[in-house]
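Only one structure is covered here, and it is reproduced in the block below.
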Amino acid sequence: MLQQTPVARVEPVWRAWLTRWPAPADLAGARPAEVLRAWDRLGYPRRALRLQECAQVITAEHDGVVPDTEAGLLALPGIGRYTAAAVAAFAYGRSAVVLDTNVRRVLARALDGRALPPPTLGRAERERAASHLPADPATSVRWNVGLMELGALVCTARSPRCTQCPLREQCAWLRAGRPADEHAARRRTQAWHGTDRQVRGRIMAHLRAHPPEEWAATAELLAAGADGADPGALPDPGQPTRALASLVADGLVSAGTGVQAGWYRLP
DNA sequence: AACCCGGGGGC
DNA sequence: GCCCCAGGGTT
């Protein structure tokens with residue numbers, strides 16, 4: 001849930017989620033439609049399906065116990081380098097480099113004197129971070145937590161609170177006068193209005209509003225933007241159909257067959 | 001390496 | 001309005 005989503009927005013959904021599905025086996029047996037509805041508006045709904053797949057693999061192949069090694073975690077669906085390291089370190093106390101956006105930024109500033117880390121995370125950056133990880137596992141966990149929290153609360157991307165920073169005396173970026181981001185030109189903020197992502201989001205919101213067993217919408221309605229808009233007025237009339245097809249391909253939407261052909265609902 | 005994938009809140 | 005957020009998977 002925390003992948004690309006702020007903690008404050010995750011917390012209430014997470015609490016309700018664990019009340020409803022306390023263990024992997026509970027989530028594994030849920031209906032995907034209910035999982036997607038419980039995910040609500042956290043965004044990137046494919047994460048919800050992968051989390052359930054993850055629970056199913058853990059239930060079927062790991063006796064219901066979350067793997068306790070980075071390699072074991074990394075093999076699970078929806079678990080990448082970051083999440084594998086975070087769970088290994090924070091849940092199991094193992095030594096791992098938890099390189100999230102916050103830690104990358106703190107290291108880029110403190111060690112390299114740069115405003116922000118490079119757009120893509122490469123091997124060199126990972127290995128350099130690993131070289132700074134304390135050898136003792138318990139200490140390494142504190143190192144990860146400390147840098148992550150520092151990045152989230154003090155060394156923030158937009159308005160860092162340098163006067164309150166415990167690293168202010170040793171920060172290369174602050175010492176250099178907080179120079180601007182040299183990669184600014186290459187960072188392209190993702191468009192939103194009028195994109196397929198926005199249309200996909202609207203379709204999912206529409207389907208979430210209906211009971212899971214109900215065939216909730218026709219292709220025609222969804223082609224109208226799931227809210228009754230005039231398709232002819234859209235800049236790209238083919239976009240809703242394309243977005244719907246991509247949702248079906250992703251397993252986020254179920255397409256009816258037979259007498260239900262042309263109707264859609266959550267899977 | 002580049003691209004795709006949501007949605008909300010801070011400023 | 002723009003920017004950012006405890007990234008992952010595919011091409």
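It should be emphasised that the depicted structure is a prediction, and the values quoted were computed from it without experimental measurement.
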Selected nucleotide, minimal atom distance to A/A157 side chain, candidates C/dC4, C/dG7, B/dC4 = C/dC4
query = Nearest-Å distance, CG (A/L42) to C1' (C/dG8)?
reply = 16 Å
key: Whole-Å gap separating C1' (C/dG8) and CD (A/Q4)   = 9 Å
inquiry  = Tell me if the side-chain of A/Y82 makes a donor-acceptor pair with the base of C/dG7, cut-off 3.5 Å, by modelled atom types.
reply    = no
inquiry  = So A/P119, base contact, sugar-phosphate only, or nothing? Heavy-atom distance under 4.0 Å.
reply    = nothing
message = Expressed as a whole number of angstroms, how long is the span from A/D250:CG to B/dC5:P?
response = 8 Å
ask   = Looking only at side chains, do A/R168 and A/T163 share a donor and an acceptor under 3.5 Å apart?
value = no
query = C/dG7, C/dC4, B/dC4: which one has an atom nearest the side-chain heavy atoms of A/L116?
reply = C/dC4
query = Does any N or O donor sit under 3.5 Å from an N or O acceptor when you compare the side chain of A/R9 with the base of B/dG8?
reply = no
query = Would one find a side-chain N or O of A/R105 under 4.0 angstrom from OP1 or OP2 of C/dC5?
reply = yes
Ring geometry between A/W17 and A/W21 (parallel below 30°, tilted from 30 to 60°, perpendicular above 60°) = perpendicular
inquiry  = Heavy-atom nearest nucleotide on DNA chain B for A/R47 versus A/G122: which residue maps closer to 5'?
reply    = A/G122
inquiry  = Assess, by modelled atom type and distance only, whether the side chains of A/Y44 and A/R197 contain a donor and an acceptor separated by less than 3.5 Å.
reply    = yes
request  = Please state how far atom CD in A/Q198 lies from atom P in B/dG7, giving the value in whole angstrom units.
outcome  = 9 Å
A/R20 bridged to A/E34 by N-O distance under 4.0 Å = yes
query = What is the distance from CD of A/E11 to C1' of B/dG8, rounded to the nearest Å?
reply = 16 Å
ask   = Contact class for A/R41 (heavy atom, under 4.0 Å): base, sugar-phosphate, or nothing?
value = sugar-phosphate
inquiry  = Side chain of A/Q3 only, heavy atoms from C-beta on: which candidate in B/dC5, B/dG10, C/dG7 is closest?
reply    = C/dG7
message = So A/I79, base contact, sugar-phosphate only, or nothing? Heavy-atom distance under 4.0 Å.
response = sugar-phosphate
task = Whole angstrom is fine here: how far is it from OH in A/Y44 over to P in B/dC3?
result = 15 Å
query = For atom P, what is the distance between C/dG8 and B/dG8, given to the nearest Å?
reply = 22 Å
ask   = When you check the phosphate oxygens OP1 and OP2 of B/dG6, does a side-chain N or O of A/R200 lie under 4.0 Å from one of them?
value = yes
ask   = If you pin A/T156 and A/L76 to their nearest nucleotides in DNA chain C, which one's is more 5'?
value = A/T156
ask   = Should the pair A/R94-A/E70 be classified as a salt bridge under the 4.0 Å nitrogen-to-oxygen rule?
value = no
key: base_contact_polar (C/dG7 base, A/T5 side chain, donor-acceptor, <3.5 Å)   = no
key: Whole-Å distance separating the CG atom of A/L73 from the P atom of C/dG8   = 11 Å
request  = Using heavy atoms to find the nearest nucleotide of DNA chain B for A/L121 and A/D196 separately, return the residue whose nucleotide is more 5′.
outcome  = A/L121
task = From the options B/dC5, B/dG7, B/dA2, select the nucleotide whose nearest atom is closest to the side chain of A/R46.
result = B/dC5
query = A/H183 NE2 to B/dA2 P: how many Å, rounded?
reply = 11 Å
Salt bridge flag under 4.0 Å for residues A/R265 and A/E214 = no
query = Which nucleotide in the set C/dG8, B/dA2, C/dC2 lies at the smallest distance from any side-chain heavy atom of A/T83?
reply = C/dG8
query = Across the strands shown, which category fits A/G43 at heavy-atom distances under 4.0 angstrom: base, sugar-phosphate, nothing?
reply = base
query = Touch check for A/T101, heavy atoms < 4.0 angstrom, all strands: base, sugar-phosphate only, or nothing?
reply = sugar-phosphate
query = What nucleotide among C/dG9, C/dG7, B/dG8 has an atom nearest to a side-chain atom of A/D100?
reply = C/dG7
No-hydrogen, no-angle side-chain donor-acceptor test under 3.5 Å, A/T5 and A/R47 = yes
message = Taking the basic N atoms (NZ, or NE/NH1/NH2) and the acidic carboxylate oxygens, is any pair closer than 4.0 Å for A/D112 and A/R128?
response = yes
task = With the side chain of A/R186 defined as its heavy atoms from C-beta on, choose the nearest nucleotide among B/dA2, B/dG7, C/dG7.
result = B/dA2
message = Can you list every stem that DNA chain B is part of, counting only runs of 3 or more consecutive Watson-Crick or G-U wobble pairs with both distances under 3.5 Å?
response = B:1-5 with C:7-11, B:7-11 with C:1-5
message = Does A/R81, at its CZ atom, have more than 12 non-hydrogen atoms belonging to other residues, nucleotides or ligands within less than 6.0 Å?
response = no
